[in-house]
Each structure stands twice: as structure tokens, then as C-alpha cells.
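Protein chains get the first letters and strands the later ones, always in sequence-line order, with residue 1 at the start of each.
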Amino acid sequence: MLTLHNSLAREKQEFKPITPGHVNMYVCGMTVYDYCHIGHARMVVVFDVIARWLRESGFHVNYVRNITDIDDKIIKRAVDNGESIQSLTSRFIDAMNEDFAALGIIRPDHEPRATDHVGGMQAIISKLFDKGLAYHAPNGDVYYSVKDFDGYGKLSRKDFDEQRAGERVEVDPNKRDPRDFVLWKAAKEDEPSDVKWDSPWGKGRPGWHIECSAMSCHHLGEHFDIHGGGEDLQFPHHENEIAQSEGAHGTQYVNYWLHNGFINVDNEKMSKSLGNFFIIREVLQKFDAEVLRFFILRAHYRSPLNYSDVHLNDAKNALTRLYTALKTVAPVEVAIDWNEPLAARFKAAMDDDFATAEAVAVLFELAAEANKHAGTELGAQKAGLLKALAGVLGLLQRDPQSFLQADVGAEGEWTSDKIEAAIVARREARAAKNWAEGDRIRDELAAAGIVLEDKAGETTWRRS
RNA sequence: GGCGGGGUAGCAAAAUGGUUAUGCCGCGGAUUGCAAAUCCGUUUACGCCGGUUCGAUUCCGGCCUCCGCCUCCA
């Protein structure tokens with residue numbers, strides 16, 4: 001039985017799809033005006049694994065992750081750069097795809113872009129007008145009238161009588177209620193022409209929240225199973241999506257809300273204003289992408305996760321142990337037998353709100369089993385199961401050598417040819433029992449971060 | 001102020017009312033020409049104070065403390 005933590009109920013619940021055997025899942029994706037940081041990496045890795053596990057569990061999954069390609073920050077950046085919206089967003093969409101591919105992310109079934117769904121957004125706004133949930137403000141913007149929607153606050157559990165509106169932010173005089181949020185932004189004189197769409201309420205562009213209501217509805221319908229995103233989106237974004245979609249359609253919007261935790265730096269939220277954020281491609285200069293993926297999956301998706309080079313290095317050493325086991329004990333291909341004790345533990349962990357930390361622990365126990373039975377059929381079976389289970393998490397699918405010898409962020413002076421030549425020289429010295437020379441060569445390589453391993457007359461190498 | 005999530009061994013991170021988490025690091029042993037890898041063994045735990053219980057890190061209450069959301073944000 002699959003259980004998951006539903007933010008709406010604030011407890012773990014058994015997962016029951018609307019249509020047996022099918023899962024419709026929507027995740028809030030990127031606003032493409034800059035490179036993705038490791039917080040985004042966590043989000044996409046987490047939901048990638050969730051989608052993989054749902055499929056492994058036999059569901060047909062329709063996974064949608066949107067791209068926000070129109071927004072204040074995008075306009076500002078494009079204007080600052082003196083380029084078109086289209087040129088800016090397509091550049092960062094390409095970069096995003098590169099980064100996500102490096103992380104082993106399986107592309108969602110649909111990646112709708114906001115600018116392709118403006119019509120759908122207008123249709124929802126019109127329905128909201130029909131139901132008296134939207135109004136046209138003096139400044140030309142269209143707002144959602146929060147006080148007219150009964151369920152407002154049910155996701156974030158905000159008791160608005162307790163909130164002191166305007167305490168931290170000036171209340172916009174165009175709003176009838178401080179909680180109201182924008183559905184349609186009136187075009188401004190100085191804005192570029194490619195950010196203006198015609199609408200019944202004048203030229204303008206959509207508000208942020210309406211995008212997701214429209215795109216999810218287009219691909220998944222008015223009522224679907226799972227909606228995910230970062231925990232910060234719970235309020236106001238997801239709360240507002242509920243207000244829009246349920247307000248317009250009159251039916252329940254989403255059954256299960258999933259929110260992933262943040263990546264922190266020095267126990268503080270990573271954010272641009274604090275200047276403590278890390279771009280994925282920066283991190284990949286220093287660490288293998290699979291190390292970053294592994295680092296993310298070693299924690300539970302809802303827990304805060306502290307990032308530092310020390311922690312990534314720790315993760316790298318741990319992943320090295322797993323790959324070393326697969327190098328030492330060649331795995332045979334196996335179909336996963338979910339009744340096998342360790343496989344059963346893996347499954348129980350994943351079924352329990354996607355407890356990847358426990359699932360990863362199982363991987364290490366399998367590695368130990370494989371090592372213990374190295375050279376036997378049993379060992380090869382254990383290694384095979386290790387590789388198969390890791391594959392469910394999107395890990396350990398490479399040739400072990402390619403991971404162990406990967407030249408990530410190295411100086412590049414020691415090419416594999418040069419290393420092989422040094423190994424030959426060392427072998428000759430050792431054959432002549434010239435241990436001093438053999439050890440000198442090994443020390444020289446070690447100083448360059450290359451570790452030699454002599455086994456059964458063969459010498460292999462890896463980078464440390 | 002409102003709402004929410006934490007505090008576990010040197011570091012990271014899980015589960016659990018009584019039984020080894022797991023990984024990295026450390027220490028001892030086996031193995032090795034010496035190493036590396038591997039195996040065996042092993043040292044460091046559950047924020048504080050009460051309560052329930054035969055027994056609590058695990059449940060309940062209080063306290064201390066850290067973090068997040070309440071504003072664009074994964």
C-alpha cells in the first residue's frame with residue numbers, strides 16, 4: 001500500500017487514484033530567467049523519483065511540469081539585457097534541459113509553457129467573473145476576490161483574522177481586500193510589445209497563479225491526483241490555484257498536495273537575496289552530477305537538507321563504495337523479486353511516503369552482501385539486485401569505471417593514457433621487486449588524486 | 001503575533017515503545033611486498049524537565065533552542 005504525506009490533510013494517507021491504475025500529476029516548474037540552482041535540482045530530482053516509483057508500482061503516470069516563460073522577473077531581465085523575451089527564455093530553457101539531463105531526470109510527459117496557454121487562462125478568468133469571484137480594479141488589473149471564496153486558506157491553514165494585513169507590505173489600494181491577488185495585469189506603456197496580449201479586460205498579461213490552473217486543467221482536467229512543488233509555494237501560490245480552479249470549476253481541484261523541503265546553506269534558506277545560492281552547473285564543475293542526485297536522495301524529500309562541499313564530498317565517497325561494489329562484483333541482470341527481503345524493505349520504504357533515505361540504506365546492505373559473496377553466482381545476483389533497485393532511483397546505471405574514473409573538475413594533466421603508462425612502468429618495477437620505484441610511482445599518482453588498486457595481478461585506478 | 005517543521009553519536013541522515021539503521025570519518029584485526037579495495041570487530045546517540053509504562057530516543061505535558069511560511073521564490 002502506497003502512502004504519502006498530503007499537505008492538505010497534514011498527514012500520511014493511503015494513495016487512491018481517481019481512475020484506477022492512472023495517476024495525473026502536476027508539478028510547478030521553473031521560471032526561466034536564470035540558471036537553475038540546486039534547490040531546483042532537489043525539486044526535479046524528488047518528483048522524478050516520485051514519478052518513477054509510481055510507474056514502478058504499476059500506475060500509468062501522466063506527469064506535467066510547466067515552464068513559466070512570462071513574468072515580471074523575465075521582463076526585467078530581458079529589458080536589462082536588451083533582448084527579446086523569447087530569446088531570453090529559450091536560452092534558459094536550453095540550459096535547464098542540459099542541467100536536468102545531467103541529473104538523470106526523465107522528461108515529464110508534458111512541459112507546457114505559459115505563453116502557449118494564455119487563452120485557457122482567460123477562459124478561467126471569465127468563469128471567475130461569471131461567478132462573482134473576479135473584479136476589474138481602477139488600475140486596469142483584474143483581481144481575485146478572496147473573501148467570496150469559502151475554502152480560502154484550507155491548504156496553508158491561514159486564519160486571516162489573526163493576520164495583520166499590511167504589517168510587512170503596503171496594501172495595494174486597488175485591492176478590495178489585502179488578500180486579493182492578480183489574475184490579469186494591465187499592460188504598461190513602457191513594457192515591450194511581446195508581453196501584451198489582447199483580452200476582454202484590455203491588453204495585458206496573466207498573473208502568475210492563473211498559469212498553473214490553466215495548464216493543469218488543459219492536460220489533466222479540472223480534478224486530478226497529485227500536485228507538487230517546493231514548500232514555499234504552498235502559500236500563496238498553491239492556495240491561490242485552489243481558489244481559482246475550484247472557484248471556476250466548482251469541483252475539488254487536487255486530491256494530494258506534495259511539497260518538497262528546501263536546500264539550506266549553513267542552516268539558512270538558500271536565496272538570491274542572501275547571496276548564498278549555488279547554480280547547478282557551478283556545482284557540476286566540482287562534482288559528478290550523480291553525486292548531487294545521490295546527495296538529494298539520501299535525505300527524505302520533506303526534510304531540510306544542508307548543502308556544503310564537505311557534505312557533497314561525503315556523498316561522493318558513499319557513492320564510490322556502491323560503484324566499487326559493482327566494479328568488483330559484476331552484476332547479472334535480474335528482474336526484481338519484490339519478495340526478496342532487501343527488495344521488500346526497499347519497497348516498504350518507498351511505499352512509505354517515498355522514504356528514499358531508507359531505500360538508499362538498503363542499497364548499501366546489498367553492496368555489502370555482494371562484496372561478501374564476490375566471485376560467486378550469489379554475489380553476482382546481489383550485485384544485480386543492487387543495480388536494479390538503484391535504477392528505480394535513477395542511480396548506478398553507468399559503467400562503474402566511468403564513474404570511478406570520471407574527470408570532474410580535475411586539472412586534466414593526468415589523462416587516462418598517461419595513467420595507464422605509469423601503471424605499466426610500475427608493474428615492471430614491481431616485477432623486478434623494485435618496490436621503492438613502484439611505490440614512488442604510486443605516490444606520484446596519489447598526489448594527483450589517482451588511487452591504484454592491485455587485485456588478482458591486475459591494477460585498476462580511480463580518481464579520489 | 002499566526003501557522004508549520006526540526007533538535008539523534010566527530011559529520012551526514014533514518015526508523016523505532018524493549019532487538020545492528022545506513023554512509024563518511026576514527027580505531028583494532030584479516031588480506032597485501034607495502035598500500036588501495038574488501039571482509040571481521042569496534043568507540044562516540046537520541047535538547048532539557050516532568051508524566052504514562054514492567055520498560056521511552058520513540059507516547060503525553062511543559063520548557064529551551066534552531067529553521068521555514070505569512071512578500072517574488074524549488
Side-chain angles (χ1 to χ4, degrees), chain A residues 7 10 27-31 36-47 71-73 76 153 156-170 179 208 228-237 239 259-264 267-273 277 294-295 298-300 302-306 308 310-322 324-325 327-329 345 348-349 352 355-365 367-368 370-374 404 430 433-436 438-439 442-443 445-446 450-455 459-462 464:
Chain A
S7 304
R10 305 225 169 153
V27 172
C28 291
M30 297 296 309
T31 298
C36 297
H37 60 235
I38 55 178
H40 300 125
R42 186 178 195 188
M43 180 271 288
V44 292
V45 167
V46 161
F47 287 102
D71 139 283
D72 286 351
K73 291 187 291 291
K76 181 176 188 313
S156 54
R157 306 277 171 97
K158 300 268 178 231
D159 179 348
F160 287 94
D161 294 335
E162 298 291 333
Q163 313 268 323
R164 279 172 273 181
E167 185 164 86
R168 297 177 60 191
V169 178
E170 203 80 6
R179 298 172 296 169
W208 175 40
E231 63 181 359
D232 57 328
L233 296 185
Q234 194 163 323
F235 187 87
H237 187 238
E239 192 70 62
H259 295 279
N260 67 278
F262 268 68
I263 286 188
N264 294 159
N267 282 315
E268 282 198 319
K269 175 180 172 174
M270 201 178 67
S271 76
K272 298 206 169 179
S273 51
F277 65 97
F294 176 81
F295 169 72
R298 212 160 51 136
H300 186 88
R302 283 188 285 113
S303 302
L305 180 56
N306 229 3
S308 76
V310 170
H311 297 150
L312 270 223
N313 217 54
D314 183 284
K316 176 190 163 185
N317 288 342
L319 189 56
T320 296
R321 173 172 164 83
L322 257 20
T324 300
K327 186 187 91 172
T328 310
V329 189
R345 259 182 65 193
D352 181 13
T356 55
E358 170 69 10
V360 166
V362 169
L363 262 29
F364 283 95
E365 298 194 18
N371 283 329
K372 239 172 277 184
H373 301 287
L404 296 168
R430 295 178 73 221
K433 297 227 186 297
N434 185 352
W435 306 125
D439 291 352
R442 187 175 62 200
D443 290 346
L445 288 167
I450 294 144
V451 180
L452 299 187
E453 297 176 5
D454 300 326
K455 214 173 303 176
T459 299
T460 57
W461 63 276
R462 66 183 164 89
S464 65

Taking only side-chain N and O atoms of [X], does any of them lie within less than 4.0 angstrom of OP1 or OP2 on [N]?
X	N	result
A:Trp208	B:C73	yes
A:Lys327	B:U38	no
A:Ser156	B:G4	no
A:Lys269	B:C69	yes
A:Asn371	B:C39	yes
A:Arg321	B:U38	yes

**OP:** In whole angstrom, give me the gap between the P atoms of B:G51 and B:U8.
**Re:** 25 Å

Original post:
How is A:Ser303 classified with respect to the nucleic acid when contacts are heavy atoms under 4.0 Å: base, sugar-phosphate, or nothing?
Top reply: sugar-phosphate

**OP:** Using atom types as modelled and distance alone, determine if a side-chain donor or acceptor of A:Asn371 lies under 3.5 Å from a backbone N or O of A:Ala367.
**Re:** yes

Original post:
Do you know the tightest heavy-atom contact between A:Arg462 and A:Thr320?
Top reply: NH1-CG2, 4.2 Å

Subject >> For A:Ser7 against A:His259, the heavy-atom pair lying closest together >> reply: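 The answer is OG-CD2, 2.6 Å.
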
Separation of [N] [atom2] from [X] [atom1] (nearest whole Å):
X	N	atom1	atom2	result
A:Phe47	B:A74	CZ	C1'	9 Å
A:Leu305	B:G68	CG	C1'	15 Å
A:His300	B:A15	NE2	P	7 Å

Original post:
Which dot-bracket string describes RNA chain B (Watson-Crick N1-N3 plus N6-O4 or O6-N4, or G-U N1-O2 and O6-N3, all under 3.5 Å; [ ] crossing; | other strand)?
Top reply: (((((((..(((.....[...))).(((((.......)))))....(((((..]....))))))))))))....

**OP:** Please confirm whether any donor atom in the side chain of A:Arg298 sits under 3.5 Å from an acceptor in the base of B:A13, or the reverse.
**Re:**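 Donor-acceptor pair under 3.5 Å: no.
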
